[in-house]
Amino acid sequence: MKPVSKKSNFYSVLVMRDDDDVKRFRMSAFWLKLLLYFFLLLLLVAAGASYGLHYYYNRYQAAAGERNRLTQEIAGYKIQAERLVNLEEWLRQTDPSRLSAVSETVGEVAAPASAPAAPAEDPVPEPAPLPQPGLKLIEPKITLTGNNRIRLQLELTNTDSNGGLTGKINLQVATADGIFPVTNVAQGDLRFQISRMKRVRTVFGLPEGVSGPSVTEVRVEVLCDGYAPYQENFPVEAQGE
């Protein structure tokens, strides 16, 4: 009668090297299964992480595209608003009657059919007007150069001997289609802090859609801290005149 061998629950792993003794490792079936399950779980976690990364990356790209689209729309609306403001200012200077007629027409369209009467409010006192700065713009020279750029040269003179002036200069170009603000200019050239006199020298690019020959005047608006805006219009000279 042959002896009955007892079934073992351990697995043996033999590690053999030419220059070393044989090493034997014993591992139970439970730990072997647990290790197998661990690797399977690790694979599932890696697959889930890859899917989540791909999904949220696509969402990020979509959100970035939507943000760029909205930014472009807002920039377009700003340009339209600036053009409307410039057109209103041009009409106010050239044809006030036409501006009044357009304003009345827009008001009739925008007003509701049966607007409720607004409650009476206490009148708000108007603020006191700001004083005019003691400024003079001396020897202005505005020249149209190549590549739709304009060179501006002038001297700011403070006629008030009691104190200095601090502020900045805003530039606008006038054409037959309206007045357009200048943004393509080094802002450091247009800021000043003077006691008596300051020379202003700068070269700026024309707004988008405005060509050099169509510019007839440049409006120089001086904004001084604590004073009302001061502005003058100067003609544009062609290069070489």
Side-chain angles (χ1 to χ4, degrees), residues 68-110 130 132-133 135-157 165 167-192 194 197-224 227-241:
N68 293 334
R69 185 184 66 82
L70 292 176
T71 302
Q72 293 176 359
E73 287 186 1
I74 292 174
Y77 292 149
K78 286 183 178 179
I79 293 175
Q80 292 181 5
E82 290 176 357
R83 289 179 177 175
L84 290 175
V85 171
N86 294 332
L87 180 59
E88 180 184 3
E89 189 171 357
W90 179 72
L91 287 175
R92 183 179 292 110
Q93 294 179 355
T94 58
D95 194 353
S97 60
R98 184 180 178 186
L99 176 62
S100 300
V102 172
S103 301
E104 292 175 0
T105 304
V106 173
E108 291 175 359
V109 173
L130 295 175
Q132 289 290 337
L135 272 179
K136 284 187 178 180
L137 306 184
I138 301 177
E139 297 181 359
K141 185 176 182 181
I142 301 176
T143 308
L144 178 64
T145 64
N147 298 326
N148 284 342
R149 300 180 70 83
I150 291 180
R151 179 181 295 109
L152 170 69
Q153 303 178 18
L154 55 85
E155 292 184 358
L156 285 176
T157 301
L165 294 174
K168 65 176 184 177
I169 299 174
N170 290 335
L171 299 176
Q172 297 175 332
V173 293
T175 67
D177 297 328
I179 301 175
F180 303 90
V182 174
T183 57
N184 187 14
V185 61
Q187 296 298 324
D189 296 343
L190 302 180
R191 298 186 181 276
F192 61 86
I194 59 175
M197 186 268 290
K198 176 180 174 61
R199 291 185 175 89
V200 178
R201 304 287 188 273
T202 188
V203 177
F204 59 87
L206 296 178
E208 183 179 358
V210 177
S211 61
S214 65
V215 179
T216 57
E217 289 182 335
V218 172
R219 172 173 295 177
V220 179
E221 182 182 39
V222 184
L223 303 177
C224 298
Y227 293 90
Y230 175 82
Q231 64 183 22
E232 284 191 45
N233 295 348
F234 300 103
V236 179
E237 302 177 0
Q239 188 174 14
E241 290 185 359

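No hydrogens, no waters, no symmetry mates; every other heavy atom, side chains included, goes into these values.
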Item to check | Least distance between heavy atoms, Leu165 atom then Phe192 atom | outcome: O-CD1, 4.0 Å
Checklist outcome for this item: So OG1 of Thr143 and NZ of Lys141: to nearest 0.5 Å the spacing works out to 5.0 Å
Next on the checklist: So which atom in Leu144 and which in Pro213 form the shortest heavy-atom distance, rounded to 0.1 Å?
Outcome noted: CD2-N, 4.1 Å
Next on the checklist: I'd like to check Pro207 versus Val173 (side-chain heavy atoms, cut-off strictly below 4.5 Å). Are they in contact?
Outcome noted: yes
Checklist entry - How about Gln187: does its CD atom have over 12 heavy atoms from other parts shown lying under 6.0 Å from it? => result yes
Item to check | Heavy-atom closest pair, residues Leu206 and Ser211 | outcome: CD1-C, 3.6 Å
Item to check | CD1-CD distance between Ile179 and Glu82, expressed to the nearest 0.5 angstrom | outcome: 13.0 Å
Item to check | Neighbour count above 12 (heavy atom, 6.0 Å) for Arg219 CZ | outcome: yes
Item to check | Atom pair CZ (Phe234) and CG (Leu137), whose distance is rounded to the nearest 0.5 Å | outcome: 4.5 Å
Checklist entry - In Å and rounded to the nearest 0.5 Å, what is the CG to CG distance from Leu152 to Leu190? => result 7.5 Å
Checklist entry - Any chance CZ of Arg201 has more than 12 other-residue heavy atoms, nucleotides or ligands included, within less than 6.0 Å? => result yes
Next on the checklist: Working to the nearest 0.5 angstrom, can you tell me the gap between Ile142 CD1 and Leu154 CG?
Outcome noted: 7.0 Å
Item to check | Closest non-hydrogen atom pair between Ile150 and Thr145, with its separation | outcome: N-OG1, 4.1 Å
Next on the checklist: Between Glu73 and Arg69, is the salt bridge (Lys or Arg N to Asp or Glu O under 4.0 Å) condition met? List the steps.
Outcome noted: CA-CA 6 Å; Glu73 287 186 1; Arg69 185 184 66 82; 2.5 Å; yes
Next on the checklist: What's the separation between atom CD1 in Ile79 and atom CG in Leu84, rounded to the nearest 0.5 Å?
Outcome noted: 12.0 Å
Item to check | Thr216 side chain to Ala174 backbone, donor-acceptor under 3.5 Å | outcome: yes
Next on the checklist: Using every non-hydrogen atom in the two residues, find where Gly205 and Val182 come nearest and quote the distance to one decimal.
Outcome noted: O-CG1, 3.9 Å
Checklist entry - Which atom pair, heavy atoms only, marks the closest approach of Glu89 to Gln172? => result OE2-OE1, 4.5 Å
